[in-house]
Amino acid sequence: MILKNYVAIDLEMTGLNAKRDSILEIGAVRVENKKAEAEYQAIIHPHMELSEEVIRLTGITNEMAAAGRELDEVFPEIMEFCKESVLLGHNVIFDYGFLKQAAKNRNTEFERQGMDTLKIARKLLAPDIKKTLQMLCDRYAIRREHRHRALDDAHAARELYEIFEAEYEAQYPELFTPFPLVYKAKKQSPATNRQKKHLKELAEYHKITLNISWETLTKNEASRQIDRMTARYGRIPKPDSQSCLLKAVPK
């Protein structure tokens, strides 16, 4: 079965955990009759300061992220762009997990079939060959203007798939059959008032301006923000008990 119609997709994220981290950028290419017919790209405001590692890896700065759009606005657009298409990507289940979590948080059904160029590469290429997207792009002379940017990586996965399909599909047709993408997501609970209060107190104590959507802040996101802030700047010191007693004694 030759896959003629699909959506090649790639996401950049603030971290590796779909339950805790946020989507930073989405890039997608709609392929019809084996031709790239449309593109979608959006940077999404993560409502947090990006780590130096994410900035170095993606080239997306805090200024670029702050100018990004809200996920609530972007999500319906990418769902409309993908429709019911097979999703293709390099380690596609990773990207799908973040989309599935976003769908679950918005009470939206999102079940798709997928095609994974990483899975194909692992089956076809020798164990000693590195199978990162970068290494495979180098191996097959696939040009990317920007590494680790969502739209460029989506195009790269599409080109890589076409190379594999042309060379191996006749011999290994089972590798080129779409399979159900399975990721279990649980709707995330909103942040508690206690979490919000603690986060605001931390920011006030350390004189930090927070850029957070308080209405959509989840428990996990709030915990992550609190943990990052305390790790970087420290906790709010507890009042010294002896000092409190002395202040309480009348002079």
Side-chain angles (χ1 to χ4, degrees), residues 10-27 40-79 94-95 97-108 146-153 185-241 243-244 247:
D10 185 83
L11 275 61
E12 301 300 328
M13 301 82 160
T14 61
L16 302 178
N17 191 319
K19 295 178 175 63
R20 185 180 65 243
D21 298 306
S22 304
I23 300 172
L24 179 60
E25 185 181 34
I26 298 176
Y40 182 90
Q41 186 273 338
I43 291 178
I44 296 163
H45 196 323
H47 293 284
M48 60 175 288
E49 185 177 339
L50 301 179
S51 68
E52 292 182 5
E53 182 181 5
V54 168
I55 295 171
R56 177 185 55 78
L57 191 67
T58 65
I60 298 174
T61 64
N62 279 304
E63 291 74 19
M64 294 166 65
R69 299 166 64 197
E70 295 295 329
L71 183 57
D72 282 342
E73 180 185 359
V74 169
F75 189 75
E77 294 179 356
I78 191 61
M79 291 297 99
F94 181 60
D95 303 279
F98 276 81
L99 292 173
K100 184 67 179 285
Q101 185 63 63
K104 194 71 174 179
N105 288 349
R106 289 159 180 78
N107 298 313
T108 301
H146 303 288
R147 300 176 184 180
H148 293 292
R149 290 299 302 270
L151 185 57
D152 291 69
D153 285 0
K186 182 180 179 182
K187 185 175 181 180
Q188 295 171 323
S189 303
T192 64
N193 289 333
R194 183 177 180 180
Q195 284 180 308
K196 292 179 181 178
K197 182 174 182 289
H198 183 37
L199 189 54
K200 289 176 181 177
E201 288 174 345
L202 268 173
E204 183 178 351
Y205 178 80
H206 293 297
K207 296 180 174 57
I208 297 168
T209 301
L210 290 176
N211 191 1
I212 289 176
S213 175
W214 297 100
E215 295 76 15
T216 60
L217 187 68
T218 67
K219 282 185 177 180
N220 285 340
E221 289 170 339
S223 294
R224 182 185 68 225
Q225 293 276 4
I226 291 168
D227 289 345
R228 287 192 178 193
M229 201 178 299
T230 53
R232 183 168 183 177
Y233 301 103
R235 300 180 183 277
I236 300 174
K238 292 182 179 180
D240 183 75
S241 57
S243 297
C244 291
K247 287 179 181 179

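Inter-residue side-chain proximity for Asp153 and His148 is flagged as met; some heavy-atom pair is nearer than 4.5 Å. Considering only heavy atoms from C-beta on, Asn17 stays 4.5 Å or farther from Asn220 through its side chain. Under the 4.5 Å side-chain criterion, counting only non-hydrogen atoms from C-beta, Ile208 is not in contact with Arg232. Between Leu217 and Leu199 the shortest side-chain heavy-atom distance falls below 4.5 Å. Contact of the Leu24 side chain with the Phe98 side chain is not registered, since no non-hydrogen atoms from C-beta on lie closer than 4.5 Å. Residues Phe94 and Leu16 form a side-chain contact, since some pair of their non-hydrogen atoms from C-beta on lies under 4.5 Å apart.
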List the steps and the verdict of salt bridge (charged side-chain N to carboxylate O under 4.0 Å, His left out) for Glu201 and Lys197.
CA-CA 6 Å; Glu201 288 174 345; Lys197 182 174 182 289; 2.6 Å; yes
Would you check, one step at a time, whether the test side-chain contact (heavy atoms from CB on, under 4.5 Å) holds for Lys187 with Asn105?
CA-CA 5 Å; Lys187 185 175 181 180; Asn105 288 349; 4.1 Å; yes
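More than 12 heavy-atom neighbours from other residues, nucleotides or ligands sit within 6.0 angstrom of CD on Glu77. Other residues, nucleotides and ligands place no more than 12 heavy atoms under 6.0 Å from the CZ atom of Arg235. Within a 6.0 Å sphere centred on NZ of Lys219, other residues, nucleotides and ligands contribute 12 heavy atoms or fewer. Environment of NZ in Lys196: crowded, with over 12 heavy atoms of neighbouring residues, nucleotides or ligands closer than 6.0 Å.
Closest approach of Glu221 and Ser22 over heavy atoms only: OE2-OG, 4.1 Å. For the residue pair Ala222 and Ala191, the shortest heavy atom distance occurs at CB-CB, 3.9 Å.
To the nearest 0.5 Å, atom CD1 of residue Ile23 and atom OG1 of residue Thr14 are 9.5 Å apart. Interatomic distance, CD of Gln188 versus CD of Gln101, reported as 4.0 Å (0.5 Å rounding). If you take CZ on Arg147 and OG1 on Thr58, they are separated by 14.0 Å, rounding to the nearest 0.5 Å. Considering CZ of Arg56 and OG1 of Thr61, their distance stands at 15.5 Å, rounded to 0.5 Å. Interatomic distance, CD1 of Ile44 versus CG of Leu71, reported as 5.0 Å (0.5 Å rounding). Taking CZ from Phe75 and CG from Leu99, the interatomic distance works out to 6.5 Å, rounded to the nearest 0.5 Å.
Asp72 meets the salt bridge (charged side-chain N to carboxylate O under 4.0 Å, His left out) test with Arg106; sequence neighbours excluded.
Listed for the His47 side chain is no donor-acceptor partner under 3.5 Å among the backbone atoms of Glu70. Looking only at distances, a side-chain donor or acceptor of Glu25 sits under 3.5 Å from a matching main-chain atom of Ala150. Side-chain atoms of Asp95 do not come within 3.5 Å of backbone N or O of Asp10 as any donor-acceptor pair. No side-chain donor-acceptor contact under 3.5 Å links Asn62 to the backbone of Glu49.
Checked options Glu12, Arg149, Arg69; the residue passing with Ile43 is Arg149 (criterion: side-chain contact (heavy atoms from CB on, under 4.5 Å)).
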